[in-house]
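The next block holds one structure in the form of structure tokens; read it before the comments.
Heavy-atom basis, side chains included; hydrogens, waters and symmetry copies ignored.
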Amino acid sequence: MSTKIRMALVVNLLSLLFSTVIIHFNQNTVPLRSFKISENVTYDCIDIYKQPGLQHPFLKTHKIQKSSVSRPELKMQTGKNETSNKRKIVCPNDTVPILRNTKEYVTNSQMFAEKHFHPLSADSPGTHIAGVRSSVGPFRGVQAWFSGNSLNVGKDQVSYSHIYIGSGSENQVNYISAGWIINPGLYGDQRVWTFGFWKGKDGKGCYNTACSGFVQVSKVIPIVEPYDLKTGVPGWMRYSIHQDKNTGNWWITQLMKDAPNEDIGYWPKELFNLLDNGANMVGVGDSDKCYGLRIGTVKPFHRTHLGFFFNYGGPGGISCGV
């Protein structure tokens with residue numbers, strides 16, 4: 001696994017107030033509308049109450065939450081503009097965009113979910129990570145502003161930039177991450193994609209909407225979406241993962257500079273058994289074992305009123321690529 005994406009991040013660790021089952025489902029719900037983004041990428045506008053995410057056996061009695069009631073007032077406080085995807089998807093009211101899954105995509109997503117590396121797992125040979133994290137929780141949210149670049153990533157490699165929250169107890173792990181990823185083996189191309197990943201109380205993992213569990217709420221921003229970035233021109237985005245204090249659900253929100261923030265969707269609390277009262281750890285990537293990164297000792301790494309700002313990425317070497 002390779003982490004080649006060059007990123008600049010501003011991270012706020014938010015102490016907010018306050019089991020995945022892989023299911024082979026057939027997308028046989030008749031969509032009210034469909035959007036073909038590219039040759040192999042189509043989104044169907046599915047009734048929000050009939051979306052595949054609700055087919056998870058842990059969600060049989062789950063009541064959909066359409067917005068994060070207790071979301072903190074998160075603002076884009078940076079001069080960098082977020083990357084616009086020139087909104088190609090606008091589903092009708094009470095429908096949500098769901099990526100049309102192929103059998104190959106579902107199969108590959110299961111394979112990569114089993115191999116997904118996260119900071120709560122054991123070290124994995126060939127994996128290189130740089131970042132910052134905190135494990136003095138409980139935490140109920142994390143947000144980051146980060147960039148990604150178009151790269152040439154091999155089919156057996158993965159490159160991603162993400163934020164994450166998680167808790168571990170003995171041999172159990174609950175984990176949620178979201179951000180940008182280049183994964184030709186999963187998506188079949190070299191584009192940068194947004195993604196969401198979670199691991200629940202049954203010990204299995206899941207990407208996006210390849211299996212049930214994640215509840216899509218936004219009608220314009222899907223949890224998984226390709227971005228066509230030009231070589232040498234970084235794309236910028238700001239995400240927040242936070243727990244709604246009223247419901248316990250874990251929301252992902254895209255923060256906007258010149259528009260209202262958009263709640264993309266959430267991972268229901270029923271999927272987890274170690275995240276009821278926040279997470280033990282939050283962060284971006286991993287810390288102080290890759291590319292010579294040392295908190296507070298590398299010049300480009302410094303703390304601002306927004307949080308921690310630093311650069312990392314490939315090819316890197318011992319200088320984190322800065």
Side-chain angles (χ1 to χ4, degrees), residues 1 3 9-20 58 68 70-72 74 113-124 127 129-146 160-179 195-207 213-215 238-253 265-290 293-296 301 303 306-308 310 312:
M1 187 180 293
T3 52
L9 303 107
V10 179
V11 182
N12 276 331
L13 306 183
L14 306 177
S15 295
L16 302 183
L17 297 176
F18 77 12
S19 36
T20 314
F58 293 166
S68 177
S70 64
R71 184 184 68 196
L74 303 172
E114 293 174 359
K115 297 180 178 180
H116 185 89
F117 176 87
H118 57 77
L120 290 173
S121 66
D123 289 349
S124 177
T127 300
I129 292 181
V132 62
R133 69 179 176 184
S134 178
S135 54
V136 290
F139 298 102
R140 291 182 174 81
V142 59
Q143 62 170 299
W145 163 71
F146 48 95
Y160 59 88
S161 61
H162 66 155
I163 56 176
Y164 59 83
I165 63 96
S167 292
S169 177
E170 297 179 350
N171 294 325
Q172 279 194 310
V173 169
N174 285 185
Y175 179 79
I176 299 172
S177 67
F195 82 98
F197 177 85
W198 65 279
K199 190 172 186 178
K201 58 188 177 183
D202 69 350
K204 297 181 180 179
C206 180
Y207 276 101
F214 178 77
V215 178
R238 191 168 185 175
Y239 265 173
S240 164
I241 297 175
H242 59 278
Q243 186 177 34
D244 186 287
K245 69 176 182 179
N246 293 333
T247 65
N249 299 326
W250 287 90
W251 281 82
I252 176 172
T253 300
Y266 64 91
W267 293 271
K269 65 178 180 180
E270 294 92 333
L271 302 175
F272 309 103
N273 61 334
L274 302 177
L275 297 176
D276 290 344
N277 297 307
N280 293 338
M281 184 176 67
V282 296
V284 182
D286 202 357
S287 63
D288 73 13
K289 76 170 192 174
C290 172
L293 178 64
R294 295 294 184 270
I295 293 179
F301 182 97
R303 187 168 186 170
L306 298 175
F308 292 100
F310 61 96
Y312 68 90

Nearest-0.5 Å distance, [atom1] of residue [X] to [atom2] of residue [Y]:
X: Leu275; Y: Ile165; atom1: CG; atom2: CD1; answer: 4.5 Å
X: Ile241; Y: Ser177; atom1: CD1; atom2: OG; answer: 6.5 Å
X: Asn280; Y: Ser167; atom1: CG; atom2: OG; answer: 3.5 Å
X: Arg238; Y: Ile163; atom1: CZ; atom2: CD1; answer: 10.0 Å

Do [X] and [Y] touch side chain to side chain, with heavy atoms closer than 4.5 Å?
X: Tyr175; Y: Trp198; result: no
X: Phe197; Y: His162; result: no
X: Pro138; Y: Asn277; result: no
X: Asn249; Y: Glu270; result: yes
X: Lys201; Y: Leu271; result: no
X: Lys199; Y: Lys204; result: no
X: Trp267; Y: Ile252; result: yes

Just do the side chain to side chain donor-acceptor pair (under 3.5 Å) check on Gln172 and Asn273 with the steps written out, would you?
-> CA-CA 9 Å; Gln172 279 194 310; Asn273 61 334; 3.3 Å; yes
Look at the aromatic rings of Tyr207 and Phe195 and report parallel, tilted or perpendicular, splitting at 30° and 60°.
-> tilted
Nearest atoms (heavy-atom pairs only) where Gln243 meets Gly248 = NE2-O, 3.2 Å
Under the side-chain contact (heavy atoms from CB on, under 4.5 Å) rule, what do Val142 and Tyr239 come out as? Steps first, then yes or no, please.
-> CA-CA 8 Å; Val142 59; Tyr239 265 173; over 6 Å; no
Are the aromatic ring centres of Tyr266 and Trp250 under 6.0 angstrom apart?
-> no
